[in-house]
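Taking it in order: structure first as structure tokens, then the write-up.
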Amino acid sequence: MATWWIRWGDLNWPDSDNYDNIKAHAEGLAKANVSAVVLFGTHFRWDWMPVFPLLHDYIATVAEELHKYGVKLYDHHSVNLVHRYSTREEMRHVMLDSGPHLPFSPTWEAAASWQYKGKYLNDWRMIDTVTREPLYFPQYTSEGFCHRNPEFKEAYFDYVKTLIADTNIDGLSADDAMYYMGYKGCACPHCL
């Protein structure tokens, strides 16, 4: 098993140089007797919603090239975490300290209008048990959607079906649908 990392330059898609890179990388993995690949880089997936068609087309092309050699592709992303920021310092923290994933994300102001199939993403947020405000994870400069919220679950399951249909991936590794220890849980109506 090996990893496949999406980098900023890969999102200059469908640039022919990127297609050539995909083909060469897939061939190299096959020659190394790799049988499965896990895709990393676009971890906080809901932040990529405005460009799902572009991202899915890139992933589909990777899957297609790997499948030519019998190599399986698994996608890896966060089920529910999203980056959010309001100041330049927070934006820089997101961009510089997000570890191994590409931190493409909106400000809180921009995110307030985001909808998935008519449902506002902000309506899915975890709520702090003390302040009754949206729960914020400062080390990630992020918020999280509550995995008990039925609208969120429906939207996520719909997204996964769309992802599979659009990309022909062979499987999924999904993170973060949990309450992080040390945080103030969730006081949304679905958790009380």
So which residues get pulled into Tyr120's cluster when ILVMFWY side chains under 4.5 Å apart are joined, directly or through others? none
Quick check: do His56 and Leu163 have side-chain heavy atoms less than 4.5 Å from each other? yes
Kindly work out whether a path of hydrophobic side-chain contacts (I/L/V/M/F/W/Y, heavy atoms less than 4.5 Å apart) joins Phe40 to Met1. yes
Taking side chain to side chain donor-acceptor pair (under 3.5 Å) as the test, write out the residues that go with Ser86, two or more places apart. Glu90
Once salt bridge (charged side-chain N to carboxylate O under 4.0 Å, His left out) is applied, do any residues pair with Asp10, and if so which ones, sequence neighbours excluded? none
Heavy-atom closest pair (Ala110 atom, Thr107 atom, distance to 0.1 Å) is N-OG1, 3.0 Å
Can you tell me how far CE of Met49 sits from OH of Tyr159, rounded to the nearest 0.5 angstrom? 11.0 Å
Working to the nearest 0.5 Å, report the span between CD of Glu151 and CG of Leu121. 11.0 Å
Is Lys23 paired with Glu27 through a side-chain N to carboxylate O contact shorter than 4.0 Å? no
Could you walk me through whether Trp48 and Val51 pass the side-chain contact (heavy atoms from CB on, under 4.5 Å) test, one step at a time? CA-CA 6 Å; Trp48 293 86; Val51 293; 3.7 Å; yes
Mind checking whether His190 and Pro150 have side chains closer than 4.5 Å, heavy atoms only? yes
Got more than 12 heavy atoms from elsewhere within 6.0 Å of CD, Gln115? yes
Considering residues at least two apart in sequence or located in another chain, which fulfil the side chain to side chain contact (heavy atoms under 4.5 Å, CB included) criterion with Asp15? Asn12, Asp17, Asn18
Drop me the distance from Glu154's CD to Asn149's CG, to the nearest 0.5 angstrom. 10.0 Å
pair Thr167-Asp75: side-chain heavy atoms closer than 4.5 Å: no
For Cys146 and Cys186 the tightest heavy-atom approach is SG-SG, 3.8 Å
Would a single hydrophobic cluster contain both Phe52 and Leu11, if residues Ile, Leu, Val, Met, Phe, Trp and Tyr are joined by side-chain heavy-atom contacts under 4.5 Å? yes
Evaluate whether atom CZ of Arg88 has more than 12 neighbouring non-hydrogen atoms of other residues, nucleotides or ligands under 6.0 angstrom away. no
Do Tyr116 and Asp158 touch side chain to side chain, with heavy atoms closer than 4.5 Å? yes
Just how far is it from atom CH2 of Trp46 to atom OG of Ser142, taken to the nearest 0.5 Å? 16.0 Å
Listed by chain and number, what are the side chain to side chain donor-acceptor pair (under 3.5 Å) partners of Asp57, not counting sequence neighbours? Trp13
Do Leu55 and Thr42 come close enough that some side-chain heavy atom pair is under 4.5 Å? yes
Please answer: with hydrophobic residues joined when any side-chain heavy atoms are less than 4.5 Å apart, are Val82 and Phe157 in the same cluster? yes
Among side-chain atoms of Ser78 and Asp176, is any donor-acceptor pair under 3.5 angstrom? yes
Would you say Tyr69 ends up clustered with Tyr19 if hydrophobic residues are merged whenever their side chains have heavy atoms under 4.5 Å apart, either directly or through other cluster members? yes
Contacts of Asp166 that satisfy salt bridge (charged side-chain N to carboxylate O under 4.0 Å, His left out) - sequence neighbours left out: none
Measure across Phe152 and Val79 and return the closest heavy-atom pair with its distance rounded to 0.1 Å. CZ-O, 3.3 Å
Minimum heavy-atom distance Phe137-Leu81, with the two atoms named: CE1-CD2, 3.8 Å
Any Pro106 side-chain heavy atom under 4.5 Å of Arg84 side chain: yes
Do the non-hydrogen side-chain atoms of His43 and Asp175 ever get within less than 4.5 Å of each other? yes
How close do Cys188 and Ile127 get, counting heavy atoms only, and between which atoms? N-CB, 3.8 Å
Mind checking whether Tyr58 and Ile22 have side chains closer than 4.5 Å, heavy atoms only? yes
For Phe145 and Tyr156, I'd like to know if the aromatic rings sit close, meaning centre-to-centre distance below 6.0 Å. no
Does Tyr74 have any ring-ring contact (aromatic ring centres under 6.0 Å, His included) partners at least two apart in sequence or in another chain, and if so, which? none
All ring-ring contact (aromatic ring centres under 6.0 Å, His included) counterparts of Trp114, not counting sequence neighbours: none
OG1 on Thr129 to CG on Leu135, rounded to 0.5 Å: 8.0 Å
Residue among Trp108, Phe44, Tyr136 satisfying ring pair (Phe, Tyr, Trp, His ring centres under 6.0 Å) with His83: Phe44
Roughly how far apart are Phe104 CZ and Arg45 CZ, rounded to 0.5 Å? 12.5 Å
Show the nearest heavy-atom pair for residues Pro138 and His93, with the distance to one decimal. O-NE2, 3.8 Å
Only counting residues at least two apart or in another chain, list the ones meeting ring-ring contact (aromatic ring centres under 6.0 Å, His included) with Trp4. His25
Among all residues two or more places apart in sequence or in another chain, which pass the ring-ring contact (aromatic ring centres under 6.0 Å, His included) test with His147? Tyr179
Is it the case that one hydrophobic cluster holds both Leu102 and Met91, taking links as side-chain heavy atoms less than 4.5 Å apart, direct or via other members? yes
Side chain to side chain donor-acceptor pair (under 3.5 Å) involving Arg92 - partner list, sequence neighbours excluded: none
Any residue meeting side chain to side chain donor-acceptor pair (under 3.5 Å) with His67, in chain and number order, not counting sequence neighbours: Asp170
